[in-house]
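Comments concern the structure below.
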Amino acid sequence: MGGRRSLAGFTGAGYDKGRGIAWQAAWQLASSLLVMPWFVPAKVRVRVLRAFGARIGEGVNLRSGVRVHWPWKLVIGDDSWIGERVWILNLEPVTIGSDVCLSQGVFLCTGSHDRRSPTFEFDNAPITVEDGAWIAARATVLRGVRVGRDAVVGATALVTSDVPPESIVLAPRASVRDPVEPTT
């Protein structure tokens with residue numbers, strides 16, 4: 001790796017937030033008051049996201065507790081479901097197709113850091129979830145991934161590379177062991 005990182009030298013080079021600080025602050029306030037709370041109707045959540053630049057189709061069901069980092073970097077197609085406590089950390093664009101289901105607690109993360117950079121600079125990339133895909137509860141999709149049309153990502157799966165259309169990706173399952181069998 002060539003020595004220890006120097007985080008003090010971090011510049012954030014190459015990352016464009018897309019809006020100024022006042023707009024960012026307004027979004028943070030609107031998100032906490034009008035998007036995340038349980039008592040706000042889904043239609044209001046969608047309107048607020050659209051007001052801040054998200055492109056959202058018709059019939060989208062956006063549940064409570066959803067966190068969107070930058071709405072102006074978000075596209076959602078028609079009739080998609082965004083479940084409770086979904087977190088879309090979209091430092092880069094996130095595109096979600098039509099008829100997509102993101103179940104409870106899904107994490108889409110476009111941000112990362114370059115481990116080889118002496119100042120740990122960003123290494124971000126967009127995420128695309130194509131039409132008809134289902135990402136099940138508490139799954140995580142990382143930067144640069146495309147989840148193909150009608151694919152299924154199982155609960156708690158960690159997705160680090162593209163998922164082909166109509167395929168199924170599952171996390172390892174817990175297994176029962178004999179209590180006298182040594183663990184490794």
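The side-chain heavy atoms of L158 and L142, taken from C-beta on, include a pair separated by under 4.5 Å. Between L49 and L62, the closest side-chain pair of non-hydrogen atoms falls below 4.5 Å. Side-chain contact between R45 and S64: present, with at least one pair of heavy atoms (C-beta onward) separated by less than 4.5 Å. You'll find the side chain of I135 reaches within 4.5 Å of the side chain of L108, heavy atoms only. For the pair K17/W70, a side-chain contact is recorded, criterion being any heavy-atom separation below 4.5 Å from C-beta on. Using a 4.5 Å cut-off on side-chain heavy atoms (C-beta onward), L74 and I96 make contact. The side-chain heavy atoms of S31 and M36, taken from C-beta on, include a pair separated by under 4.5 Å. Within the 4.5 Å cutoff, side-chain heavy atoms of T110 are placed close to those of V94.
Here the side chain of E121 pairs a donor or acceptor atom with the backbone of T11 at under 3.5 angstrom. Distance alone, capped at 3.5 Å, places no donor-acceptor pair between the D114 side chain and the F120 backbone. No donor-acceptor distance shorter than 3.5 angstrom exists from the side chain of S80 to the backbone of C101, with no hydrogens or angles considered. Remark: side-chain polar atoms of R50 are paired, donor with acceptor, to backbone N or O of I56 under 3.5 angstrom. No donor-acceptor pair under 3.5 Å is formed between the side chain of E166 and the backbone N or O of A151. Distance alone, capped at 3.5 Å, places no donor-acceptor pair between the D131 side chain and the R149 backbone.
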Going through the checks in order, is the side chain to side chain contact (heavy atoms under 4.5 Å, CB included) test met by V68 and N90?
-> CA-CA 7 Å; V68 175; N90 57 334; 4.0 Å; yes
Would you check, one step at a time, whether the test side chain to side chain contact (heavy atoms under 4.5 Å, CB included) holds for D79 with S98?
-> CA-CA 6 Å; D79 302 312; S98 295; 5.9 Å; no
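Applying the salt bridge (charged side-chain N to carboxylate O under 4.0 Å, His left out) test to every pair with at least one member in residues 136-146, sequence neighbours left out, gives these pairs: D123-R143, E130-R146. Here ring pair (Phe, Tyr, Trp, His ring centres under 6.0 Å) pairs that include residues 129-168, with residues two or more places apart or in two chains, number zero.
Remark: L170 pairs with I168 by the side-chain contact (heavy atoms from CB on, under 4.5 Å) rule, at least two apart or across chains.
Clustering ILVMFWY residues whenever any of their side-chain heavy atoms sit less than 4.5 angstrom apart, transitively, puts V75 in a cluster other than the one holding I127. Residue V152 is not grouped with residue L102 when hydrophobic side chains (ILVMFWY) are merged at heavy-atom distances under 4.5 angstrom, including chains of intermediate members. Criterion: ILVMFWY side-chain heavy atoms under 4.5 Å apart, direct or through other members. Under it, V141 and V163 are part of a common hydrophobic cluster. Cluster membership for W81 and W38, using ILVMFWY side-chain heavy atoms within less than 4.5 angstrom, is not shared.
D162 approaches P164 most closely through the heavy-atom pair O-CD, 3.8 Å. When all heavy atoms of R63 and E84 are compared, the pair lying nearest together is NH2-OE2, 3.2 Å. Contact record, V40 with L33: CG2-O, 3.8 Å, taken as the closest heavy-atom pair. Between A133 and G148, the shortest heavy-atom distance links the atoms CB-O, 3.8 Å. Closest approach of A139 and G154 over heavy atoms only: CB-O, 3.7 Å. Taking both residues in full, the closest heavy atoms of G111 and N124 are given as CA-OD1, 3.2 Å, listed atom of the first, atom of the second, then distance.
Q104 contributes atom CD, which lies 11.5 Å from atom CD1 of I82 (distance to the nearest 0.5 angstrom). In this structure, CH2 on W27 lies 12.0 Å from CZ on R19, to the nearest 0.5 angstrom. Separation of atoms SG (C109) and CH2 (W87) is listed at 7.5 Å; rounding is to 0.5 Å. Between the CG atom in L29 and the CD atom in Q24 there is a gap of 14.0 Å [rounded to 0.5 Å]. Note that OG of S6 and CZ of R4 are 8.5 Å apart. Values are rounded to the nearest 0.5 Å.
By the 30° and 60° cut-offs, the orientation of the rings of W72 relative to W23 is tilted.
The only member of T95, V129, D78, I76 that meets side-chain contact (heavy atoms from CB on, under 4.5 Å) when paired with V100 is V129.
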